[in-house]
Amino acid sequence: MTAIAKPRINPEVRLLAAMAYGEASLADSPDEMYALASVLKRQRDARGYSSMAAFVAGEPSFSFVVGNGNKRYAHFKKTKDEDILANAGMKIAIAAAENALANGPDKSNGAWFWDGADIKSNYKKHFKVRVGIRFTDPSHNIYDINESSKLVIKHKVTKKKANGKIETYKEELYRYDHVYESTAAHGGTIFWKQNTDYLRFTKAKEYK
């Protein structure tokens with residue numbers, strides 16, 4: 001009697017799925033996990049890594065679930081392939097990873113970053129809040145928090161000699177009052193990209 005082969009999940013898919021599953025809320029929202037997987041894959045590519053394993057090794061702090069004892073991530077990692085495929089939430093994570101790796105539909109709408117409930121519980125000290133956040137759609141504000149601003153103005157100072165005196169001239173080069181703009185919100189996660197003006201004026205990398 002021929003033994004039935006047990007299902008095998010591609011290691012790249014498995015790792016990306018574990019990360020998306022760990023980062024997602026307990027709601028096991030398909031849109032949330034699909035969006036998280038797309039952002040993770042986009043970040044992997046932008047940072048020059050050829051695999052999720054290399055990304056995790058090279059950027060261990062990007063996705064905190066990898067090293068902070070996240071129970072969902074740890075549980076996924078130690079679960080057998082056949083049991084993953086029999087679990088509704090984990091199966092969604094696998095599909096989300098496969099979609100992201102195939103450059104399928106992006107539920108994050110081009111996001112590079114995300115936040116969960118900590119943006120509300122740690123609002124005053126949260127890095128994104130301190131540099132400015134904007135919601136491009138009211139539906140993205142799932143935690144009912146206030147938008148924030150931090151005005152940054154860059155000047156160019158020049159000195160010229162006129163009528164025997166040195167005159168100082170101050171010219172405004174640019175200004176912006178927030179860095180992060182929402183792109184979507186699914187489950188318990190808000191997705192973000194950086195303000196176009198901020199990127200253009202500061203020459204910052206959109207994935208950092």
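Treat the numbers as computed from the prediction; the structure is a model and nothing was measured.
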Query - Spacing of CG belonging to Asn109 relative to NE2 belonging to His186, to within rounding of 0.5 Å - result: 6.0 Å
Query raised in the report: Could you give the distance from NZ (Lys165) to NZ (Lys161), rounded to the nearest 0.5 Å?
Result: 12.5 Å
**Report entry** Test side chain to side chain donor-acceptor pair (under 3.5 Å) applied to Lys41 - qualifying residues, sequence neighbours left out
**Finding:** Asp45, Asn103
**Report entry** Phe201 ring center near Tyr176 ring center (under 6.0 Å)
**Finding:** no
Query raised in the report: So do the side chains of Thr79 and Met90 get within less than 4.5 Å of each other, counting heavy atoms only?
Result: yes
Query raised in the report: Can you tell me how far CD of Glu12 sits from OG of Ser51, rounded to the nearest 0.5 angstrom?
Result: 5.0 Å
**Report entry** Residue pair Arg44 / Ser50, side-chain donor-acceptor N/O under 3.5 Å
**Finding:** no
Report task. Evaluate the criterion salt bridge (Lys or Arg N to Asp or Glu O under 4.0 Å) for residue pair Asp197 and Arg175; output intermediate values, then yes/no. Result -> CA-CA 8 Å; Asp197 285 343; Arg175 65 172 61 200; over 6 Å; no
Query raised in the report: Is it true that Met33 and Ile190 fall in one hydrophobic cluster, defined by side-chain heavy atoms closer than 4.5 Å?
Result: no
Requested in this report: Without swapping roles, check the side chain of Glu147 against the backbone of Arg134 for a donor-acceptor pair under 3.5 Å.
Outcome: no
Query raised in the report: Got a second to check how far Asn87's CG is from Lys80's NZ, nearest 0.5 Å?
Result: 15.0 Å
**Report entry** OH/Tyr174: more than 12 non-hydrogen atoms of other groups inside 6.0 Å
**Finding:** yes
Requested in this report: Output yes when a side-chain donor or acceptor of Asn10 lies under 3.5 Å from a complementary backbone atom of Val13, and no otherwise.
Outcome: yes
Query - Trp114/Phe64 aromatic ring centres below 6.0 Å - result: no
Query raised in the report: Is there a donor-acceptor contact under 3.5 Å from the side chain of Ser148 to the main chain of Arg130?
Result: no
Query - Ser63 side chain vs Val66 backbone, donor-acceptor pair below 3.5 Å - result: no
Query raised in the report: Does a side-chain heavy-atom distance below 4.5 Å link Val152 with Val179?
Result: no
Report summary line: Here the gap from Lys156 atom NZ to Leu173 atom CG, rounded to the nearest 0.5 Å, amounts to 7.0 Å
Requested in this report: Could you tell me whether the side chain of Thr136 and the main chain of Glu181 form a donor-acceptor pair under 3.5 Å?
Outcome: no
Query raised in the report: Looking at the rings of Tyr143 and Tyr123, which for Trp means the six-membered one, are their centres under 6.0 Å apart?
Result: no
**Report entry** side-chain contact (heavy atoms from CB on, under 4.5 Å) assessment of Val56 paired with Met19
**Finding:** CA-CA 10 Å; Val56 168; Met19 295 170 74; 3.7 Å; yes
Query raised in the report: With side chains defined as the heavy atoms from C-beta onward, is the minimum distance between Asn122 and Lys125 less than 4.5 Å?
Result: yes
Requested in this report: Please step through side-chain contact (heavy atoms from CB on, under 4.5 Å) for the pair Glu171 and Val157, ending with a clear verdict.
Outcome: CA-CA 6 Å; Glu171 175 189 2; Val157 178; over 6 Å; no
Query raised in the report: Considering all heavy atoms of both residues, which atom of Asp137 and which atom of Ser182 are nearest to each other, and what is their separation?
Result: N-OG, 4.2 Å
**Report entry** Ala184 to Ser108 - nearest heavy-atom pair and separation
**Finding:** CB-O, 3.9 Å
**Report entry** Distance (rounded to the nearest 0.5 Å) between Asn146 CG and Ile133 CD1
**Finding:** 8.5 Å
Report task. Please determine which of Phe135, Phe113, Tyr207, Tyr198 meets the ring-ring contact (aromatic ring centres under 6.0 Å, His included) test together with Trp192. Result -> Phe135
Query raised in the report: Closest approach of Ala17 and Ile94, non-hydrogen atoms and distance?
Result: CB-CD1, 3.7 Å
Query raised in the report: Can we say Asp106 and Arg42 salt-bridge, meaning some charged N sits less than 4.0 Å from an Asp/Glu carboxylate O?
Result: yes
Query raised in the report: What pair of heavy atoms forms the shortest contact from Ala37 to Ala96, and how long is it?
Result: CB-O, 3.5 Å
Query raised in the report: Between Asp31 and Ser29, does any side-chain donor sit less than 3.5 Å from a side-chain acceptor?
Result: no
Report task. Would you check if there is a donor-acceptor pair between the side chains of Thr189 and Glu32 at a distance under 3.5 Å? Result -> yes
Query raised in the report: Charged N to carboxylate O under 4.0 angstrom, Asp144 versus Lys120?
Result: no
Report task. For residues Asp118 and His126, determine if any side-chain heavy atom of one lies less than 4.5 Å from a side-chain heavy atom of the other. Result -> yes
Query - Presence of salt bridge, Glu172 and Lys154, under 4.0 angstrom - result: no
Report summary line: Leu16 and Ala100 have their tightest heavy-atom pair at CD2-CB, 4.1 Å
Query raised in the report: So, Asn141 side chain and Ile145 main chain: donor-acceptor pair closer than 3.5 Å or not?
Result: yes
Query raised in the report: Does a side chain donor of either Tyr49 or Glu59 reach within less than 3.5 Å of an acceptor in the other side chain?
Result: yes
Requested in this report: Taking all non-hydrogen atoms of both residues into account, name the closest pair between Ala93 and Phe76 and its distance.
Outcome: CB-CE1, 4.1 Å
Query raised in the report: Is any side-chain N of the basic residue among Lys128 and Asp115 closer than 4.0 Å to the acidic one's carboxylate O?
Result: yes
Query raised in the report: Can you check salt bridge (Lys or Arg N to Asp or Glu O under 4.0 Å) on Arg72 and Asp28, steps first, answer last?
Result: CA-CA 11 Å; Arg72 280 170 63 90; Asp28 285 341; 2.9 Å; yes
Query raised in the report: How about Trp112 and Tyr180: are their ring centroids closer than 6.0 Å?
Result: no
Report task. Could you tell me whether the side chain of Tyr21 reaches within less than 4.5 Å of the side chain of Ile92, counting heavy atoms only? Result -> no
Query raised in the report: Any sub-3.5 Å donor-acceptor pair from Asp177's side-chain atoms to Lys150's backbone N or O?
Result: no
